[in-house]
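The model shown is predicted, which means the values in this text are computed figures rather than measured ones. In this chain, numbering begins with 1 at the start of the sequence shown.
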Amino acid sequence: MIKVIAFDADDTLWVNEPFFREAEEEFGSLMEDFMPRHSSIKELYRTEIENLGLYGYGIKGFMLSMIQTALRISGHKIPVKLIDRILEIGYDMMQKPVEILPGVEEVLAELHGGYRLVMATKGDLVDQERKLKKSGLDHYFHHIEIMSEKRVEDFAKLVRHLDVTPEEFLMMGNSLKSDVLPVLELGGHAIHIPFHITWEHETIEHEVAHKNFYQAERIAQVVEMIRKM
């Protein structure tokens, strides 16, 4: 029996990745005097991946990676006004309204009371807390877990904290790499709800085949799936 249902936040509960794509495109435009747009975006991605261990996930680390990349590809000749604009890009991202995805609140309301609901997501603590508060969804959740990474050991720690077995734990989210595979390896259940844009770092090349794996086209379908588990 499922006792705890955990939800990823970004691009599962609310829109997130499109804002990063917009920022990347603007960054590429800013760097066109030094490098073609597509090349500077690739350089930015490389910097982000190299910095994940230091900065983690989120807008602040993204801002620092943009500045670092801009300095590198310009040979430290980038005008100060462009650095200022990069900071504004990050600031603007943090001021974006929280756009809840269709069906999310209806599903939370349906499941609330019958299960312990948890938000388990990666990212910057302050930024994710801000988005959760702005969303108005916080009252549905028994527990909030902002994770620096989503590995098997991270989910194992969460399951122990919630005092359930992996078999009683269900995770749902848009990332096969972060939301599905670690939970399946732990022995839990996972529902993949794809979003139309996925960050390259979160993609995998192989199909997932597991008795505890479920695929939904949209979040509205998960209630019926859970009732059949």
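- Contact of the His142 side chain with the Leu117 side chain is not registered, since no non-hydrogen atoms from C-beta on lie closer than 4.5 Å.
- Proximity of a side-chain donor or acceptor of Asp154 to a complementary backbone N or O of Arg151 within less than 3.5 Å is detected.
- A salt bridge is absent between Glu153 and Lys157: the closest approach of a Lys/Arg side-chain nitrogen to an acidic carboxylate oxygen does not fall below 4.0 angstrom.
- Taking the six-membered ring where the residue is Trp, His161 and His143 present tilted rings, their angle falling between 30° and 60°.
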Name the atoms and distances for all side-chain donor-acceptor pairs under 3.5 Å in residues 89-114, with sequence neighbours left out.
residue: Glu105; atom: OE2; partner: Tyr140; partner atom: OH; Å: 3.1
residue: Glu110; atom: OE2; partner: Arg227; partner atom: NH2; Å: 2.4

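- Linking ILVMFWY residues whenever their side-chain heavy atoms come closer than 4.5 Å, directly or via other members, leaves Phe195 and Leu176 in distinct clusters.
- Residues Tyr45 and Ile41 fail the side-chain proximity criterion, which asks for heavy atoms closer than 4.5 Å.
- In terms of heavy atoms, Gln215 sits closest to Pro194 at NE2-CD, 3.4 Å.
- Judged by distance alone, the side chain of Asp138 and the main-chain N or O of Lys133 form no donor-acceptor pair under 3.5 Å.
- A donor-acceptor distance shorter than 3.5 angstrom exists from the side chain of Asp11 to the backbone of Asn16, with no hydrogens or angles considered.
- Cluster membership for Trp14 and Tyr57, using ILVMFWY side-chain heavy atoms within less than 4.5 angstrom, is not shared.
- Not one N or O on the side chain of Arg21 forms a donor-acceptor pair closer than 3.5 Å with the backbone of Ile197.
- Nearest approach of Phe155 to Pro182, heavy atoms of both residues: CD1-CB, 3.8 Å.
- Taking a cutoff of 4.0 Å between a charged side-chain nitrogen and a carboxylate oxygen, Asp127 and Arg130 qualify as a salt bridge.
- Nearest heavy atoms, Ala190 versus Val180: CB-CA, 3.9 Å.
- At least one side-chain heavy atom of Arg37 sits less than 4.5 Å from a side-chain heavy atom of Glu25.
- A 4.5 Å side-chain heavy-atom check between Ile219 and Phe7 finds at least one atom pair inside the cut-off.
- Placement of Met66 and Met31 within a single hydrophobic cluster is found when ILVMFWY residues are connected by side-chain heavy-atom separations under 4.5 Å, directly or transitively.
- A donor-acceptor contact under 3.5 angstrom links the side chains of Asp10 and Gln128, judged on distance only.
- For the atom pair CD1 of Ile67 and CG of Leu87, the computed distance is 4.5 Å after rounding to the nearest 0.5 Å.
- Cluster annotation: Met171 and Tyr214 are assigned to distinct hydrophobic clusters (Ile/Leu/Val/Met/Phe/Trp/Tyr, side-chain heavy-atom contacts under 4.5 Å, transitive).
- Residue pairs meeting the salt bridge (charged side-chain N to carboxylate O under 4.0 Å, His left out) criterion with at least one partner in residues 175-186, sequence neighbours excluded, are Lys150-Asp179.
- For the residue pair Ser178 and Lys122, the shortest heavy atom distance occurs at OG-NZ, 3.0 Å.
- Between Met35 and Ser40, the shortest heavy-atom distance links the atoms SD-N, 3.5 Å.
- Using modelled atom types, one side-chain atom of His192 and one backbone atom of Asn174 make a donor-acceptor pair closer than 3.5 Å.
- Looking at Glu224 and Lys228, their side chains come closer than 4.5 Å, going by heavy atoms from C-beta outward.
- The shortest heavy-atom contact between Val164 and Val159 is O-CG1, 2.9 Å.
- Transitive grouping of hydrophobic side chains (ILVMFWY, heavy atoms separated by less than 4.5 Å) keeps Val208 and Ile191 in distinct clusters.
- Residues satisfying the side-chain hydrogen bond (donor to acceptor under 3.5 Å, both in side chains) test with Thr47, not counting sequence neighbours, are Thr69, Arg72.
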